[in-house]
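Down below is the structure, laid out as structure tokens.
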Amino acid sequence: MDQNLLITGISQLLTLRGSSARRGAALSKLGIVKDGAVLVRDGRIAAVGTRRTVEACSESKKAEKLDIGGRVAFPGFVDSHTHLIHAASRAEEYELKIRGASYEEIARKGGGILNSVKKLRAATKDALQQRARAALEAFVSHGTTTIEAKSGYGLDAASELNILTLQKEIREQQPIDIVSTFLGAHVVPEEFRGKADGAELYTTIVMEKMLPEVAAQDLAEFCDVFCDRGAFTRQQAKRILTEGKRHGLLPRLHAEQLSRTRATQLGVELGAASCDHLEQINSSDITALAGSQTAATLLPGCDFHLGLKNYAPARKLIDAGAIVALATDYNPGTSPTVSMPMILSLACTQLRMTPAEAIAAATINGAYALRREKNVGSIEVDKQADLTVFEVEDYREIPYYFGENRCWMTLKRGEIIYMQD
Ligand SMILES: [Zn+2]
């Protein structure tokens, strides 16, 4: 952008200033400016503050003007856990779950993740791309400007590399930032399940065949493992993540969702960027997270969609001082939503987080979980001008109105990429 942009008419501007991960009481500090303004230059924030101070900048005089009419503006959501690329919904399983089958029973019968693997391997690249692009448009229309995206529905070298390559291509085609994670160790694929030591064999393939290729082609920044009952053991996760680190991929973990495997403590030992899920953690896991730099990423969409009432202990994590982040876990099996506002509503009513805590967890702490906190997640000078505007009078109304989309406008690098009709 060569023309500067001056945004005014912001009744509440939630700056989230501070550029660092939030813990404890700091999680509710939104850095609110009333009657705020933001000046954007070359896609980055050049000035931020009250309308009076920002309008006084000499550059503001000749800037293009955008008055958002007294709405609330804040940093675009950073959704730090998604499974963006998949071939189809699993609505047929949704009905089985409602009738009483558990997620694990469905998985044992070849449903669940393996069902998505079958569908992905059979899908064309065009179909996958179309579905992902449509989802990205929906993310933007709900105020999200950066997402993490994992592979993990391929589970063979070619399919996993195809997913990550597609993510790289899509990143160039549309405005949202996509941060890639290699999740070759999502579950053990069908073809290894009949064999003795099948899980060990597949673990070796992930380490010796997939990881070197992912690193050589620069296809991912992070390496993730689903360490749980029915997926990978703590020992296998440790081997994979250690090897990932050797290839320059930072670890993150699906930890303690279905059972307590001590994956969280492993994540902390390995310096993982985040441990995600955490429904089954105990007090020693909470202490470990609180004393670490590892983000505790909570995904309440899963429990909601599965009809469980076993949400992660958000209050205990926050009160102990852990870095709590929120994400959608957008995926076809357990959390088919792109809506961060809905996740905020769940965080407030089910996790007992305050609206301010939920917003910080979904912006600056999400950015931290992706190691992007210096660039996105708050509205501060020199950061990327990623903002979203909601049709509300008070920021607490963002989670308060649930099941409808109040996002009015989204800007990425200072460009309007979504505007409500
Ligand atoms: Zn996940």
Side-chain angles (χ1 to χ4, degrees), residues 77-87 89-90 93 103-104 106-107 111-117 120 132 135 139 144 147-155 160 163-164 167 178-188 206 220-232 237 240-241 244 249-259 261 263-264 267 272-281 294-306 308 310-312 324-340 342-343 346-347 361-362 366 369-370:
F77 292 120
V78 180
D79 191 345
S80 61
H81 185 139
T82 88
H83 301 254
L84 175 69
I85 296 192
H86 52 265
S89 94
R90 299 213 305 261
E93 294 178 8
Y103 176 60
E104 286 174 283
I106 290 169
I113 294 166
L114 291 179
N115 182 1
S116 286
V117 170
L120 183 131
F139 274 107
T144 298
I147 67 162
E148 183 255 18
K150 304 174 193 294
S151 66
Y153 292 123
L155 305 189
E160 285 293 304
I163 295 170
L164 293 172
Q167 287 181 186
I178 301 174
V179 179
S180 282
T181 295
F182 168 59
L183 177 59
H186 200 179
V187 289
V188 177
V206 170
E221 284 177 52
F222 295 96
C223 181
D224 193 344
V225 175
F226 186 13
C227 178
D228 215 320
R229 198 165 68 192
F232 293 87
I240 293 166
L241 294 175
L249 275 71
L250 276 175
R252 55 189 338 122
L253 271 163
H254 280 68
E256 257 82 59
Q257 179 187 10
L258 308 168
S259 62
T261 59
T264 301
S274 69
C275 287
D276 302 27
H277 279 295
L278 309 179
E279 286 86 346
Q280 312 288 341
I281 53 174
T294 299
T297 302
L298 309 182
L299 311 166
C302 290
D303 270 37
F304 177 74
H305 181 75
L306 296 174
L308 305 174
N310 188 36
Y311 291 94
V324 171
L326 286 167
T328 60
D329 193 11
Y330 170 64
N331 80 79
T334 59
S335 190
T337 184
V338 296
S339 172
M340 274 300 229
M342 180 65 192
I343 296 301
L346 293 174
L370 298 182

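The analysis underlying the following values was restricted to heavy atoms, covering all of them including side chains, and did not include hydrogens, waters or symmetry mates. Counting convention: from 1, in listed order, for ligands and their atoms alike.
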Return all side-chain donor-acceptor pairs below 3.5 angstrom for residues 297-304, not counting sequence neighbours, or 'none' if the list is empty.
| residue | atom | partner | partner atom | Å |
| --- | --- | --- | --- | --- |
| D303 | OD2 | N310 | N | 3.0 |
| D303 | OD2 | Y311 | N | 3.2 |

**Prompt:** Going by distance alone, is a donor N or O of one side chain under 3.5 Å from an acceptor N or O of the other, for H254 and H81?
**Reply:** yes
**Request:** Would you check if there is a donor-acceptor pair between the side chains of T82 and D329 at a distance under 3.5 Å?
**Result:** no
**Residues which pass side chain to side chain contact (heavy atoms under 4.5 Å, CB included) with L250, listed by chain and number, not counting sequence neighbours** = F222, R371
**Message:** Under 4.0 Å between a side-chain nitrogen and a carboxylate oxygen: does that hold for D224 and R252?
**Reply:** no
**Complete:** Contacts of E93 meeting salt bridge (charged side-chain N to carboxylate O under 4.0 Å, His left out) (sequence neighbours excluded), chain-then-number -> R90
**Message:** With 2.8 Å as the limit, count the protein N, O or S atoms near the Zn ion (ligand 1).
**Reply:** 4
